[in-house]
Amino acid sequence: MYTKTVISSALLSGLAAAAPAAPSSGGLTHEIIQILDGQAQGSGPAGYASSHGASSYGSYAPSSYGASATSAASSAGTAAAASAPSVAADQSGTVSGYNDASAPFASYTPTPLTVVPSSFGLDSAIPAIKTLAPSTGIYGPDPQRSSLPTGPTSHGPYGGVPTTTGAVSTTHTAATVATLPLNPTATYYNTNGKLQHDQPAPYTPAGGLGTNGSLPRYMVESDFDYESITLGLYQEWIELDLFNNGIATFTDEDWAAAGLTPQDVSLISFMAQQEQGHATLLSNMLGETAPPQCTYDYPFTNAREFVDFNQVLTRWGESGVWGFINHLDSREVGQLLAQSIATEGRQQMIFRQMAGLHPMPVWFETGIPQSWAWTFLAPYISSCPENTTRLAWQNFPALHVANQANINRVSPNDTGLWERTDNRTSSPATIPAEDQSCINLNKTGYGCGPAIGNNRSEPLSFAGKQVLLEWDTPGQAVGPNNSYVTAKGGVAGEPAFVAWVAQLNMTYTPLVITGPNSGYTYQPNGTVYANGAAIVNGTSFIALTDTDMFLTPFNLSMINPHVVALGMYQAG
């Protein structure tokens, strides 16, 4: 059933001591990694490989780590590795056996619970005075841009005719960004663990940006900053509306059917209030041209689908910011944005828990380019007010996974074709028949109701799984007022690879074409570090490309001119 697949993996080996180390010249280890919801299990007597005959996936091309299969990419990877410092020494510990473990409470015997509180209320008091929050002056709060909703809102697809089409654009200076060697200023390396330069002040090491005492300016400083933060604001607005829309739409009975209590619903309501702050923050950093909230077209029909959609939407929302935050010209803007996106990451984890998924089945969160985040977001915006600021980012054609794993099934391997609420790439899974659903199943390893942590006995996906793909033809109208148009990368030819963007890695697998705009590939095997977390897990990203060029998280946007279509992949 399974065939041998040679994958080309652009991992970060050799680029820095913190990057994944390359394996021996013989290629990857032959251990098969089975992806569970939060667990990567190796093959063994009861492992997936030995029981399912997939051991051929342990065989990789020697170039799989550190470079792609192309000679140019291999050269780039070799050059980077040669210029990098040596890797830090192995940190061996006693984790496997806890040989020296000790604790003063190791022999503690819990006391049987016999007395519990029987009265509740204010039975004690502490000294206090009436304290008012400042409303004016330096400590007074700025107004929110959005208040709590007080009236009806409108949702649904756009039915009008766009008056403007396409992304904001000026004259292009080149079709692609040239690949260059390391920055000539990237020379610092500490060989003795001591300070290498004079300190500008006590307890202040030399270096850093924005540390010279100048007054911070929390405003965008370039077109790149402006377009990136504007994209972020579009994301914050949909989250604000989406969370409130779920609260307003579903009843207590609807939430209970999804396994959620009024306390859980209260948490979602608080998330909406968080988005009020985020939208205000980003609007203030943009100024008077900051776009307002729009009208949206959601893909869910019940509370369970609402939760599933949210765990996907917050995934690309978080990853979209990680992809550009360290490229911003304004360090001050980046500082505040990081403090907001940390909350976004917590939202994504909570929605995964509400969906019965493992909350964080990865070691590293993924960063994606702005055009990727805009591609995923735009199809769910139906219209925006007249003269709303437009974006410069690209809208790629949609890449659909026909056999996308259904998180609501007891057996994800029984997922049929197109078990999604609609044909947009990030729309939630449908709910199967009751006798095939895991939502209300109270059985460890098989139930998928809300939980702090869930590990599935049968994984949503696994290394070697055949992934059936279909992709849209360019030229589709998407986004606000149907005014943006999808297009593949400017130099992209026929698709030949599937790029898997997850954690610190960009891994390629060959694409097998089966017909017009259709084909398949196999989910790749591999770990971020040797014997560590599986690369592909959680809610991740895939792209069709015409090349397997070597890229890493910091320069991932260089793949954009070669992208044919973009999609989401539910791996765990």
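Owing to the predicted nature of the structure, the values given are computational and were not obtained by experimental measurement.
Under the 3.5 Å distance criterion, the side-chain polar atoms of Thr527 are left unmatched by any main-chain donor or acceptor of Ala534. A donor-acceptor contact shorter than 3.5 Å is absent between the side chain of Gln466 and the backbone of Thr521. A donor-acceptor contact shorter than 3.5 Å is absent between the side chain of His278 and the backbone of Glu344. Looking at Glu470, its side chain never comes within 3.5 Å of a backbone N or O of Ser518 through a donor-acceptor pair. The backbone N or O of Cys294 lies less than 3.5 Å from a partner atom in the side chain of Tyr296, making a donor-acceptor pair. Formation of a donor-acceptor pair under 3.5 Å by the Ser540 side chain with backbone atoms of Ala502 is not found in this model. Using modelled atom types, no side-chain atom of Gln353 and backbone atom of Gly453 make a donor-acceptor pair closer than 3.5 Å. Formation of a donor-acceptor pair under 3.5 Å by the Ser461 side chain with backbone atoms of Ala571 is found in this model. Although no hydrogens or angles enter the test, the distance criterion places no donor-acceptor pair under 3.5 Å between the side chain of Glu239 and the main chain of Glu236. The closest donor-acceptor contact from the side chain of Gln503 to the backbone of Trp363 lies under 3.5 Å.
For the 3.5 Å distance criterion, the side chains of Asn537 and His358 fail to qualify, holding no donor opposite an acceptor. Side-chain contact of Gln144 with Thr280: a donor-acceptor pair under 3.5 Å is absent, judged by distance alone. With no hydrogens or angles considered, a side-chain donor-acceptor pair links Glu305 and Thr301 at under 3.5 Å. Judged by distance alone, the side chains of Thr539 and Gln311 do bring a donor and an acceptor atom under 3.5 Å apart. Defined by atom type and a distance below 3.5 Å, a donor-acceptor pair is missing between the side-chain atoms of Thr366 and Ser319. Using a 3.5 Å distance cut-off with no hydrogens or angles, the side chains of Arg145 and Ser283 do pair a donor with an acceptor. Between the side chains of Gln523 and Tyr569, at least one donor N or O lies within less than 3.5 Å of an accepting N or O. The closest side-chain donor-acceptor pair between Ser228 and Gln370 falls under 3.5 angstrom.
Inter-residue side-chain proximity for Thr261 and Asp264 is flagged as met; some heavy-atom pair is nearer than 4.5 Å. Looking at Leu337 and Leu328, their side chains come closer than 4.5 Å, going by heavy atoms from C-beta outward. Considering only heavy atoms from C-beta on, Met360 stays 4.5 Å or farther from Gln348 through its side chain. Within the 4.5 Å cutoff, the side chain of Tyr446 has heavy atoms near those of the Ser457 side chain. Between Leu468 and Leu417, the closest side-chain pair of non-hydrogen atoms falls below 4.5 Å. For the pair Trp418/His400, a side-chain contact is recorded, criterion being any heavy-atom separation below 4.5 Å from C-beta on. Residues Thr375 and Trp372 have side chains not in contact (no heavy-atom distance under 4.5 Å, counting atoms from C-beta outward). Looking only at side-chain heavy atoms (C-beta outward), Leu566 and Thr425 stay at 4.5 Å or farther from each other.
Between Val312 and Met568, the shortest heavy-atom contact is CG1-CE, 3.6 Å. In terms of heavy-atom proximity, Asp254 sits nearest to Thr249 at OD2-O, 4.4 Å. Across Pro369 and Ser557, no two heavy atoms sit closer than the pair CG-CA, 3.7 Å. The minimum heavy-atom distance between Ser154 and Thr295, with the atom names listed, is O-CG2, 3.2 Å. Listed here is the closest heavy atom pair of Ala378 and Asn395: CB-ND2, 3.4 Å. Residue Pro397 comes nearest to Asp472 through the heavy atom pair CB-O, 3.5 Å, listed as atom of the first residue, atom of the second, then distance.
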Test side-chain contact (heavy atoms from CB on, under 4.5 Å) on Trp316 and Leu377; report intermediate values, then the result. CA-CA 8 Å; Trp316 84 60; Leu377 170 60; 3.8 Å; yes
Show your reasoning for whether side-chain contact (heavy atoms from CB on, under 4.5 Å) applies to Val498 and Leu469. CA-CA 10 Å; Val498 177; Leu469 302 171; 3.7 Å; yes
Kindly determine whether Ser146 and Gln276 satisfy side-chain hydrogen bond (donor to acceptor under 3.5 Å, both in side chains), including the steps that lead there. CA-CA 6 Å; Ser146 171; Gln276 291 177 254; 4.9 Å; no
Could you walk me through whether Phe554 and His327 satisfy the side-chain contact (heavy atoms from CB on, under 4.5 Å) test, starting with their C-alpha distance in whole Å, then the side-chain angles of each, then the deciding distance to 0.1 Å, before giving a yes or no? CA-CA 8 Å; Phe554 197 67; His327 293 288; 3.4 Å; yes
List the steps and the verdict of side-chain contact (heavy atoms from CB on, under 4.5 Å) for Asn245 and Ile247. CA-CA 5 Å; Asn245 181 250; Ile247 299 296; over 6 Å; no
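Taking the six-membered ring for Trp, Phe541 and Trp500 have ring centres at least 6.0 Å apart. In this structure, Tyr380 has its ring center under 6.0 Å from that of Phe309.
For Asp422, the salt bridge (charged side-chain N to carboxylate O under 4.0 Å, His left out) partners two or more places apart in sequence, or in a different chain, are Arg424.
Ring geometry for Phe306 versus Phe300: interplanar angle over 60°, hence perpendicular rather than tilted (30 to 60°). Ring-plane geometry between Tyr520 and Tyr522 is classed as perpendicular, the angle between the planes exceeding 60 degrees on a 0 to 90 degree scale with a lower cut at 30.
One distance of note links CG of Leu357 with CG of Asn455; it measures 11.0 Å at 0.5 Å rounding. Rounded to the nearest 0.5 Å, atoms CG (Leu233) and CD (Gln293) are 9.5 Å apart. We find the CD-OG1 distance between Gln347 and Thr314 to be 7.0 Å, quoted to the nearest 0.5 Å. For the atom pair OG1 of Thr545 and CG of Leu551, the computed distance is 9.5 Å after rounding to the nearest 0.5 Å. Taken from CE in Met349 to CD in Glu365, the straight-line distance is 10.0 Å, to the nearest 0.5 Å. Distance check: Ile268 CD1 to Gln274 CD gives 12.0 Å after rounding to the nearest 0.5 Å.
Residue pairs that meet the side chain to side chain donor-acceptor pair (under 3.5 Å) test with at least one member in residues 428-438, sequence neighbours left out, are Arg409-Gln436.
The one candidate from Tyr234, Trp393, Phe324 that meets the ring pair (Phe, Tyr, Trp, His ring centres under 6.0 Å) condition with Trp374 is Tyr234.
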